[in-house]
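Each remark here refers to the structure printed beneath this line.
Chain letters run A, B, ... following the sequence lines, proteins first and then strands; every chain starts at 1.
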Amino acid sequence: MFRTRFAPSPTGYMHIGNLRTALYAYLIAKKAHGTFILRIEDTDQKRNVPEAVQAIYNGLALAGIAYDEGPDKDGGHGPYVQSQRKPIYSQYAKQLIEQGDAYYCFCQKEDKPEPGDERIEGLKDPCRDLSSEEVQARFDQGLQPVVRQRIPLEGESSFFDHVYGDITIDHKQLDDQVLLKSDGFPTYNFANVVDDHLMEITHVIRGQEYLSSTPKYNLLYQAFGWETPEYIHLPHIIKEDGKKLSKRAGDPTFEDLVHMGYMPEAIVNYVVLLGWNPGDDRELFSLQELIEVFDMDRINKSSAAFSMDKLRWINGEHIRALSPEAFHETALPWYPGSLHRFDLKELSRLIQIRTDCLGDIPEMLGFLAKLPEYEASLFENPKSKSSLESSKIVLEAVIPLLKKQETFSNAALFETLKAYATESGFKVGTTMWPIRTALSGLPASAGGATELAALLGKEETLIRLEKGLAKLS
RNA sequence: GCCCCUAUGGUCUAGCGGUUAGGACGCAGCCCUUUCAAGGCUAAAACCCGGGUUCGAGUCCCGGUAGGGGCACCA
């Protein structure tokens, strides 16, 4: 039985890297019909953001990732919030001390050498070999110790990682890390081992930054006589310029992207592809499909750059795949109020195929509510063989025609205008271009001449056509 | 400083000793077309460098280089 967990610290938002980690952990569990668990790692009392747990719930819900066990969903392995598990950690720390696998350390932070400090070579923690009397004496002085893991001085540790393969690290590289802080809270380094074991996690999925400390965790598992889990360390997601993604630098979080108009399903689809591929050419997946096709042994080792361009394309593909009804519902919240007089359903029909990002909708449709200022030169377009002259002739001829037009439907309008084109000798494109241009005031619009005319209605169509003609006179 | 990891077009990637190095995004062009899209077609664009091993190396080994990560009472 697979049991995986997503164990974020509550920082207040879900960044892209976190989303992918959650996703992979979820997919690995679900692929195996296993259990996916949410655990909150809030052991750093200095860093806790009060409302942040809610942000995690929201983020996961938005992504469609449902957990089987979590703080608000007991599965018999709780509590699922580390700050509520404090007694558990001290109990296990005590066991380690009794076994000699950990020790009390009374040093102050300043006593420790910095990385790069030459003294660090072969330097042992002075508290490592304190006798029980010496320890007691320090306790009697009222000193608050930390508990440190006693790493063997000799030897090396190896483990297998599903992404990176076999990793070996010399014990000399491992420091006697703090297990319990002086405030009694565990460090991540300790809590993750105890909790993963107690919660019966079978597969640990986390960022690559933990790769080199994994041997320390394995030593802990061994000291307790516990079975080590399988490891899946994930490469980082970076930016196209090679820098790392950071909220501070203005890089969007998952929630930001949703607010920008990217659909959660599309973001999920894109993010899962950052460091994984199905082994064939498929790129478009629903969450459900991902569960079926995901394979942890196909995760890449190298970091991947987040591309807005590709996200945009995938988002467009997801939008186009929607039924017209579903798209309409999705698009509705993005319509500006100024469009209320229009047939919104028809608008949705027109823009669906052209929409890559929902956030583009207001801009795409703005011209309907208010004709933009434009230059007469817009009527010149070599592709449709339109010139200032031809446009003027067409508009002059077409205005009276449309005045007489009774049914302002797309089909009827097209029939009328096409008939004019045939009769006048102008190409259909040459006829339509000036009309479309005058109706939109834009070089490109969501909809052709007759579609726009039908949408705008007879009155507004004629007003705009006259305005266009005025620019040409 | 020490240790770990990574390296295929601009980007995401396939490859797992013998391929004209495949696909996708983006970019350019063409077709289609009532503008723009969408769709279709075409093009340009890559194995970090140097040594080995081998009949043969993007693929295996070693060494560089470059990038990332770790060495916290942060996770």
Assigned partner base of B:rC32, Watson-Crick or wobble definition, under 3.5 Å: none
Count the heavy atoms belonging to other residues, nucleotides or ligands that lie under 6.0 Å from NZ of A:Lys458, then report whether that count exceeds 12. yes
Nearest-angstrom distance from the residue atom CD1 of A:Ile237 to C1' of B:rU6: 16 Å
Residue-phosphate contact under 4.0 Å: A:Lys310 side-chain N/O, B:rG23 OP1/OP2: no
Nearest-Å distance, CZ (A:Phe6) to P (B:rA75)? 16 Å
Side-chain atoms of A:Ile353 come closest, of B:rU13, B:rA37, B:rC2, to B:rA37
Side chain of A:Ile169 only, heavy atoms from C-beta on: which candidate in B:rC3, B:rU34, B:rA75 is closest? B:rC3
Near RNA chain B, which residues from residues 365-397 of chain A have a heavy atom under 4.0 Å away? A:Lys383
Is there a donor and acceptor pair closer than 3.5 Å between the side chain of A:Lys301 and the base of B:rA7? no
Give me the ring orientation class for A:Tyr188 and A:Tyr217: parallel if the planes are under 30° apart, tilted from 30 to 60°, perpendicular past 60°. perpendicular
Nucleotide B:rA75, atom P - distance to CZ of A:Arg5 in whole Å: 14 Å
Starting from C1' on B:rG39, measure out to CH2 on A:Trp313 and report it in whole angstrom. 13 Å
Closer to the 5' end of RNA chain B via nearest nucleotide, is it A:Val146 or A:Leu273? A:Leu273
Under 3.5 Å donor-acceptor pair, A:Arg298 side-chain atoms to B:rU13 base atoms: no
Centroid separation under 6.0 Å, is that true for the rings of A:Phe254 and A:Tyr13? no
Any side-chain heavy atom of A:Leu287 sitting closer than 4.5 Å to one from A:Leu23? yes
Is it true that A:Tyr104 and A:Phe139 have ring centroids separated by less than 6.0 Å? yes
Hey, what's the ring geometry for A:Phe294 with A:Tyr24, parallel, tilted or perpendicular (30° and 60° as the breaks)? tilted
Rounded interatomic separation in angstrom, taking CD1 from A:Ile167 and C1' from B:rG68: 14 Å
Between CG of A:Asp166 and P of B:rU6 the distance, given in whole Å, is 11 Å
Just to be sure I understand the geometry, which residues of residues 437-452 of chain A put a non-hydrogen atom under 4.0 Å away from RNA chain B? A:Pro443, A:Ala444, A:Ser445, A:Gly447, A:Gly448, A:Ala449, A:Thr450
Taking a pair as Watson-Crick or G-U wobble with both distances under 3.5 Å, which nucleotide is matched to B:rA45? none
Quickly work out the A:Ile351 CD1 to B:rC36 P distance and round it to whole Å. 19 Å
Whole-angstrom distance between B:rG67 and B:rC30, as gauged at atom C1': 40 Å
Would you mind classifying the nucleic acid contact of A:Thr431 as base, sugar-phosphate or nothing, using non-hydrogen atoms under 4.0 angstrom? nothing
Scanning all shown strands, the Watson-Crick or wobble mate of B:rA38 with both distances under 3.5 Å is none
Across all strands shown, which nucleotide pairs with B:rA21 by Watson-Crick or G-U wobble geometry, both distances under 3.5 Å? none
Roughly, in whole Å, what's the span from CG in A:Asp356 to C1' in B:rC25? 12 Å
Please work out if A:Asn315 contacts a base, only the sugar-phosphate, or nothing of the nucleic acid, heavy-atom cut-off 4.0 Å. nothing
Pairing partner (Watson-Crick or G-U wobble, both distances under 3.5 angstrom) of B:rC2: B:rG70
